[in-house]
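Shown next, in structure tokens, is the structure this report addresses.
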There are 2 protein chains.
Amino acid sequence: MSKIQHRNLYGEVADRVRNMIERGELASGERIPERELCDTFGVSRTPLREALKVLASEGLVELLPNRGARVKQLTYKMVKDTYDLMGALEGLSGELACQRISDEGIDAICALHDEMLSFYRERKAMEYFRVNQQIHESLLNASGNDVLLEMYNNLSQRVKRVRYSKEMSEDYWRRAVEDHEEMIVALKQRDSKRLGQILRDHLCNKLEVASLTDVIDVEQKRSAAAS
Amino acid sequence: MSKIQHRNLYGEVADRVRNMIERGELASGERIPERELCDTFGVSRTPLREALKVLASEGLVELLPNRGARVKQLTYKMVKDTYDLMGALEGLSGELACQRISDEGIDAICALHDEMLSFYRERKAMEYFRVNQQIHESLLNASGNDVLLEMYNNLSQRVKRVRYSKEMSEDYWRRAVEDHEEMIVALKQRDSKRLGQILRDHLCNKLEVASLTDVIDVEQKRSAAAS
DNA sequence: CAAAGTTATTATGAATGCAAAATTCTATTC
DNA sequence: GAATAGAATTTTGCATTCATAATAACTTTG
């Protein structure tokens with residue numbers, strides 16, 4: 001399912017700006033200089049402004065009338081709210097996946113799970129994360145709910161830029177793995193209610209945010225000083 | 001909390017087009033004639049095109065490269081998916097509301113509930129719907145999760161145009177009211193898990209869709225014939 | 001008369017232009 | 001020297017223009 005290459009300029013520009021925000025090349029709260037970006041992209045203002053409007057409706061950018069665009073500030077509350085929401089969506093994905101996933105799909109996720117476990121035992125955090133994410137994505141896809149997928153991707157995009165700086169305690173990690181063990185059991189039994197419950201309460205959605213407090217505070221201070 | 005009047009033309013236009021889609025003045029799948037709409041609104045193409053891009057990212061409109069904008073077709077599956085999602089969001093709103101709502105807030109919802117009950121007894125469907133909606137909105141607001149509210153409103157907007165043609169069976173209505181009775185009990189006890197569960201399973205999210213099958217089929221046939 | 005090719009028309013995508021608002025810079029006053 | 005008023009500059013919002021792609025109309029040909 002490769003994406004249709006949009007040859008539309010505004011779509012291309014939107015992607016680029018999304019990436020810049022994600023990587024922090026445009027910092028939170030920072031003004032987005034229209035003219036300047038146009039020059040770097042080599043496009044006129046029209047497609048850039050269209051892109052900014054789209055990004056605003058995606059929640060990445062804020063448009064102040066007659067005062068230009070800013071990268072939307074991520075407050076602690078906003079990130080927390082987003083994670084709560086993503087938890088609910090993952091819960092739904094689990095419920096639906098239980099009902100719709102094929103036996104082969106379950107096998108595939110079990111394989112990913114085993115892979116993740118071995119990375120856990122070897123304390124390979126990066127690899128663990130990658131596979132962990134794959135598992136959650138697999139459930140999302142198996143849910144067969146396209147609107148759900150779209151919403152989840154949007155929410156995920158909004159908080160991507162803070163996710164990098166995550167620190168993980170040993171205790172948190174252990175409990176996350178325990179959650180995953182339970183998830184696999186529920187999935188094999190196709191116990192949708194149970195899998196939904198586990199995913200909604202899954203540690204990722206709760207503790208991860210707690211560890212971000214200072215990161216976001218720092219970010220806010222920096223941009224406050226800049227203004 | 002009155003909305004800030006955006007003096008931006010594109011925002012105004014987006015609102016107008018949203019309304020037109022909601023009311024069916026622009027039918028599902030229908031081409032959106034740029035020039036024509038510009039004339040009726042008395043604006044140039046720039047703000048209209050900006051608005052269309054926003055509406056596309058809201059999922060109301062589809063933009064085909066070099067082939068203009070169309071009102072997004074609502075398939076049965078899409079509406080079903082959306083309702084499933086809204087159910088999950090309402091569930092979360094209930095969980096959060098239980099934790100955050102004030103005692104006065106609970107009283108207010110109980111009052112709405114009683115009002116709704118009396119409309120049910122008198123079989124006043126329109127009034128029942130209005131109050132019913134108020135209850136769910138109250139929970140959404142009491143959740144204190146702004147991102148949740150934003151997402152819910154977006155989803156709700158997407159399916160608004162089919163909601164009107166809802167037919168309600170006596171049996172469905174009775175069970176919906178029973179759900180609401182249970183909701184009130186859970187809310188008073190601040191039993192967040194329970195309220196969440198009820199809301200997720202609430203009939204509105206499931207049966208309402210079933211009764212829409214033919215409506216959407218008709219709509220699809222009509223627009224298929226037009227194309 | 002139907003089908004395919006060609007031209008004419010229209011619609012879309014993007015750049016440019018222009019007026020109004022906002023910001024910055026300068027100068028004047030206390 | 002700080003504060004305010006005013007001019008100059010920049011930025012924003014929208015309209016207009018222009019090139020290109022898509023569609024419709026019209027031939028032409030089998």
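The sequence lines fix the lettering, A, B, ..., with proteins before strands; numbering per chain opens at 1.
Taking both residues in full, the closest heavy atoms of A:Ala69 and A:Leu63 are given as CB-CD2, 3.4 Å, listed atom of the first, atom of the second, then distance. Nearest heavy-atom pair, A:Ala51 versus A:Val13, reported as atom, atom and distance to 0.1 Å: CB-CG1, 3.7 Å.
A donor-acceptor pair is defined here as one N or O able to donate and one able to accept, closer than 3.5 Å; no such pair exists between the side chain of B:Asp81 and the backbone of A:Asn145. Although no hydrogens or angles enter the test, the distance criterion places no donor-acceptor pair under 3.5 Å between the side chain of A:Asn132 and the main chain of A:Met116. Looking only at distances, a side-chain donor or acceptor of B:Asn141 sits under 3.5 Å from a matching main-chain atom of B:Glu137. Between the B:Arg200 side chain and the B:Gly87 main chain, no donor and acceptor come within less than 3.5 Å of each other.
Contacts between chain A and DNA chain C, taken as any atom within less than 4.0 angstrom of a protein heavy atom, begin and end at C:dA14 to C:dT23.
Side chain to side chain, B:Thr40 and B:Arg16 fail the donor-acceptor criterion of an N or O pair below 3.5 Å.
Taking atom NZ of residue B:Lys53 and atom P of nucleotide D:dC14, one finds them 15 Å apart after rounding to whole Å. Here D:dC14 presents its P atom at 11 Å from CG of A:Leu63, a figure rounded to the nearest Å.
Ring pair A:His113/A:His180 is parallel by interplanar angle, where below 30° counts as parallel and above 60° as perpendicular.
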Candidate pair A:Met183 and A:Leu199, rule side-chain contact (heavy atoms from CB on, under 4.5 Å), full reasoning: CA-CA 8 Å; A:Met183 282 169 42; A:Leu199 279 163; 3.9 Å; yes
Protein-nucleotides 7-12 of chain D N/O pairs under 3.5 Å:
unit_1	atom_1	unit_2	atom_2	d
D:dT11	O3'	A:Arg31	NH2	3.2
D:dT12	OP1	A:Arg31	NH2	3.0

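Between A:Glu30 and A:Arg161 there is no salt bridge, since no side-chain nitrogen of the basic residue lies less than 4.0 Å from a carboxylate oxygen of the acidic one.
Over its length, the helix from C:dC1-D:dG30 to C:dC30-D:dG1 turns its helix axis by 0°, as judged from the five terminal pairs at each end, rounded to 10°.
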